[in-house]
Enquirer: 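One structure, pasted below without further comment.
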Amino acid sequence: MRAASFQASASVAPRCVKWRSLCLGTCADGAADAVVMHQVLHFLSDPLQAIREAARVLAPGGRLLIVDFAPHDLEFLRDEYAHDRLGFPAGQVAAWMRDAGLSPQKQLDLAPSAAAGPEALTVSLWLAVRPPETNTKTAEKTARAARALEGAP
C-alpha cells in the first residue's frame with residue numbers, strides 16, 4: 001500500500017506550525033492509496049487547503065482518514081499549544097471533503113470517559129474515498145495504449 005501522512009514535526013515549536021511543514025508537495029498526483037491526517041487540522045488556518053492536497057495525492061479509490069477534535073471551548077490551547085481552531089463540527093469536515101472532490105463515508109466521535117476530567121476532549125474521525133476516475137481523457141489514453149499493445153508483435 002502506498003501511503004502518505006501529514007504530521008507536524010516534534011521539533012517545531014508551538015506557534016511555528018505552518019502549512020509548508022505539512023505539505024505533500026513531493027508526492028505525485030494519485031500516488032497514495034491512503035492519507036492519514038492525525039491531529040493536524042486544528043493547527044491550520046486553512047484546513048481545506050490541506051484536505052485538497054490530500055485529495056490530490058490520493059489514487060482513485062484511495063482513502064483519507066482525518067483524526068481531530070470535535071468542537072470544544074478550551075481556549076488555553078490556542079496560546080499554550082498553538083491551536084488555530086477549537087475542534088470541528090462533523091458537517092464542516094465532510095463539506096471540505098466534498099469540496100476537495102472526495103466522498104465522505106463515515107464519521108465517528110470518540111468521547112472521553114467521565115473519569116477523564118473536565119479538560120478531556122472528544123476525538124472525531126472522518127473517512128472519505130476518492131471516487132474512481134471518470135476523466136474521459138484518461139480513459140481514452142488507456143484505450144489507445146491497449147489497442148497499441150494488441151498490434152505489437
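Just so it is clear, the values below take in all heavy atoms, side chains as well, and ignore hydrogens, waters and symmetry mates.
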Enquirer: Could you tell me whether the side chain of Leu65 reaches within less than 4.5 Å of the side chain of Val35, counting heavy atoms only?
Expert: no

Enquirer: Shortest non-hydrogen contact from Leu121 to Pro112?
Expert: O-CD, 3.6 Å

Enquirer: Without swapping roles, check the side chain of Trp126 against the backbone of Ala90 for a donor-acceptor pair under 3.5 Å.
Expert: yes

Enquirer: Return the minimal non-hydrogen interatomic distance between Ser45 and Arg85, and the atom names on each side.
Expert: O-NH2, 3.2 Å

Enquirer: Nearest 0.5 angstrom please: Gln107 CD to Leu125 CG, how far?
Expert: 8.0 Å

Enquirer: Do Leu48 and Val129 belong together in a cluster built from hydrophobic side chains that touch within less than 4.5 Å?
Expert: no

Enquirer: Which heavy atom of Met37 sits nearest a heavy atom of Ala50, and at what distance?
Expert: CE-CB, 3.5 Å

Enquirer: To the nearest 0.5 Å, what is the distance between NE2 (His83) and CG (Asp68)?
Expert: 8.5 Å

Enquirer: With rounding to the nearest 0.5 angstrom, report the CD1 to CD distance, Ile66 to Gln39.
Expert: 11.5 Å

Enquirer: In terms of the angle between their ring planes, are His42 and Phe69 parallel, tilted or perpendicular, with boundaries placed at 30° and 60°?
Expert: tilted

Enquirer: Arg63 side chain to Asp33 main-chain N or O, any donor-acceptor pair under 3.5 Å?
Expert: no

Enquirer: Is a side-chain donor or acceptor of Gln105 paired with a backbone partner of Ser103 at a separation under 3.5 angstrom?
Expert: yes

Enquirer: Could you measure the distance from the CE atom of Met97 to the CG atom of Asp99? Nearest 0.5 Å is fine.
Expert: 12.5 Å

Enquirer: Taking all atoms of both residues into account, what is the closest heavy-atom pair of Pro60 and Pro132, and its distance?
Expert: CB-CA, 3.9 Å

Enquirer: Checking Asp109 against Thr122: is there a side-chain donor and acceptor pair closer than 3.5 Å?
Expert: no

Enquirer: CZ of Arg56 to CG of Asp29: how many Å apart, nearest 0.5 Å?
Expert: 5.0 Å

Enquirer: For Pro131 and Gly101, which heavy atoms make the closest approach, and how far apart are they?
Expert: CD-O, 3.2 Å

